[in-house]
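As the structure is a prediction and not an experimental result, all values here were calculated from the model. Quick note on labels: first sequence line is chain A, next is B, and so on, each numbered from 1.
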Protein chains: 2
Amino acid sequence: MSVTRTVTLSDVAERAGVSATTASYILNGRSVEMRISADTETRVRAAVAELGYRPNRSARSLRTATTSTIGVISDFVASGHFASQMLTGASAAARADAHLLVIGETEGDPGVEALLIEELLERQVDGIVYATLVTAEVTVPPALGRRRTVLLNCVDPSTVLPAVLPDELGGGRTAAGALVRAGLRSGLHVVGEDPTPNALAGVLRLQGIRARLGEEGLGIDGVVPCPWTVAGAYAAVDAWLADGARPQGLICLNDRIAMGVYQALAEHGLEVPRDVSVVSFDGSELATWLRPEVTSVTLPYADLGAEAVRVLMDPGWATTGVVRLPMPISAGASVRPRPAEVPAS
Amino acid sequence: MSVTRTVTLSDVAERAGVSATTASYILNGRSVEMRISADTETRVRAAVAELGYRPNRSARSLRTATTSTIGVISDFVASGHFASQMLTGASAAARADAHLLVIGETEGDPGVEALLIEELLERQVDGIVYATLVTAEVTVPPALGRRRTVLLNCVDPSTVLPAVLPDELGGGRTAAGALVRAGLRSGLHVVGEDPTPNALAGVLRLQGIRARLGEEGLGIDGVVPCPWTVAGAYAAVDAWLADGARPQGLICLNDRIAMGVYQALAEHGLEVPRDVSVVSFDGSELATWLRPEVTSVTLPYADLGAEAVRVLMDPGWATTGVVRLPMPISAGASVRPRPAEVPAS
DNA sequence: TGATCCTGCTGATTCGATTCAGCATATGAC
DNA sequence: GTCATATGCTGAATCGAATCAGCAGGATCA
């Protein structure tokens, strides 16, 4: 392998016996518009292949003020694997448009956030996806006003920035619907209560649940408050059951809570779904690991990421408003099937 | 907010009443070397602040052929949250050196991989981290020869590229050591066998386990083969226990297997750690969700990511060789404490 | 008084691709 | 035979920062 000086467009042009201008037009798909002959085009393309020419994006970016690059700024990339599914979806959507993702993780530190935004702006990213791990209301840093931005999993009431979020309200309805369809009419409880005041998910899910049950003339018998963790849910539900509670249907506000609930039910000799039907939220892998697999209303993280990027690249970007993506239900075996009924007619 | 034309270095220079050259020297920390007066420096910095000047990285990159950007190419970003922890570690290490991460996910497709590598090279990334989800032997695409590269979680026997991996062998020893320290001397089994022939982790872990037990004159009573999944482990161990097996200590080759094992043990009325001690690998969140929390030998994903980036930026990069990071043990309550002994002296 | 050195700066060029304006030559219309 | 149009291409400027070579003007020295 020789110390090959990097091949430039001029090298290609020289080799093909044309000007750099012509070569540039050809490589940018403007040969028809510029009436380049087929013969010339062939020669240029051959030269590209022979020399192994690769355009220098820095040069192009300098001239065109675009980088085919999207900045993703989020509070946490790692936590859960939720954020990374977002990344996967975003990455795929970006690649569909020949863009790459530049990521920055703020770890929730506003100072770091400001710094990263500056770095992204300096790097001339074409747009920014501002994502939060937990669905929340935020106030985006003013620096983002300098680039087109889409919010992911959050909204900023003080701006008109487009935002992409899961339809938590609809998700709540879906979860309740699963119990309704199973014929459960009483002994319905919700486990978990929103632990952080800024997070909207819990509030909306609960609202959706109430709305759906209300349509059937039903209601929640109570909410068992607990942090959104396995251990926290276990402790709360264990104590609750020890107090004599005998629920028929439990809606857990996320899958980790469901796992704690499973543990507590087992501890008290209660079987899912024979004694208690369980529905959950998140649709994470964990839901499929439980025995029996828990029916879970899925957060469509990959879709959210992909949609955010699509909105970002859409010409009508500015007027998109808030997009809410449906939360599909992932059926497990944790809801007791409806008892056989007398056929209707 | 006005339609502010972007501020360039010349604008700053003009405002400060100096040449762009001078301003450039000052902003690049060469004012002493270039004997710029303190007064001039002050004026330039003031101008920067007043105008809100931000350098244009594209221009700088074009000139310097560096981008303060590191490319991360991996087969899967999403799967598990392992890869994303790597990203977090890598991101933090990169930021410590004022670099950002550009990510590309190949989804295991060699075509996509080749494409992404070209994209990264075009974008003039300063270096590339080539990561795999599963520890494996790989053959890196030749295009990577054009940029400094570090392998993460994999090795390429055909090259001398630096590689960063977990010390699986040591991890195996640690896992076995936990059982040894508890005084277990028989009825020791390993659950899970490497499902993919290219993955090294299982082989090395098993090797480490055997070595450590051998030192005590002990051995494995058997391996229960199963896929590395919750359901697969449950099925295998359930059948095995139904056959009358009564192990004393189980080493699960990852946390998902441990979860399946817990389920199977519970099914057969066996309690952890009273009846069976369990040790696992991964140190994922799942390990802490099980009851009792399972003792797990941790894959230091964040460290791996950070170390890979550090190696990449190290001047001695080329001669680094293979770096193996220790796998610390995360103690749960799944190993039966050693029975009280007669004091030794 | 001239030679030398230091101080504090600047002009001009460069990186590599994009793009506007325009220039020969060929073809056709009348 | 002339003018107009179409064809197929090119020269030169440009994007914004980095950097080499060099230039005034003052101080120092012999």
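- Atom OG1 in T22(B) sits 12.0 Å away from atom CZ in R30(B) (nearest 0.5 Å).
- Here I70(A) contributes atom CD1 and R95(A) contributes atom CZ; the two are 12.5 Å apart, rounded to the nearest 0.5 Å.
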Take nucleotides 4-13 of chain D nucleotide by nucleotide from the 5' end and write B, S or -, depending on whether a protein heavy atom sits under 4.0 Å from the base, only from the sugar-phosphate, or from neither.
---BBBBBB-

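- Of the side-chain N and O atoms in N28(A), none sit less than 4.0 angstrom from OP1 or OP2 of dA17(C).
- Of the N and O atoms on the side chains of E113(B) and Y130(B), at least one donor lies less than 3.5 Å from an acceptor on the other residue.
- In this entry the distance linking CG of L9(A) with P of dG16(C) reads 11 Å, nearest Å.
- Distance, R60(A) CZ to dG16(D) C1': 18 Å, rounded to whole Å.
- Minimum heavy-atom separation, L9(B) to A23(B): CD1-CB, 3.8 Å.
- Nearer the 5' end of DNA chain D, as judged by each residue's closest nucleotide, is the contact made by L62(B), out of R30(B) and L62(B).
- Atom CG in L51(A) sits roughly 14 Å away from atom P in dG16(C) (whole-Å rounding).
- In this structure, E122(B) places its CD atom 20 Å from P of dC15(C), rounding to the nearest Å.
- Protein atom CD of E33(A) is 9 Å distant from nucleotide atom P of dC20(C), rounded to whole Å.
- When the side-chain nitrogen and oxygen atoms of S24(A) are compared with OP1 and OP2 of dT18(C), one or more of them lie within a distance under 4.0 Å.
- Counting all heavy atoms, side chain and backbone alike, D126(A) lies closest to T67(A) at OD1-N, 2.9 Å.
- Looking at every heavy atom in both residues, V155(B) comes nearest to L165(B) through CG1-CD1, 3.3 Å.
- Whole-Å rounding puts the E14(B) CD to dA17(D) P distance at 14 Å.
- As a whole-Å value, the separation of D11(B) CG from dC15(D) P is 11 Å.
- One atom, CD1 of I26(B), and another, C1' of dA18(D), lie 14 Å apart when rounded to the nearest Å.
- Considering all non-hydrogen atoms of both residues, T139(B) and S158(B) come closest at CG2-OG, 4.4 Å.
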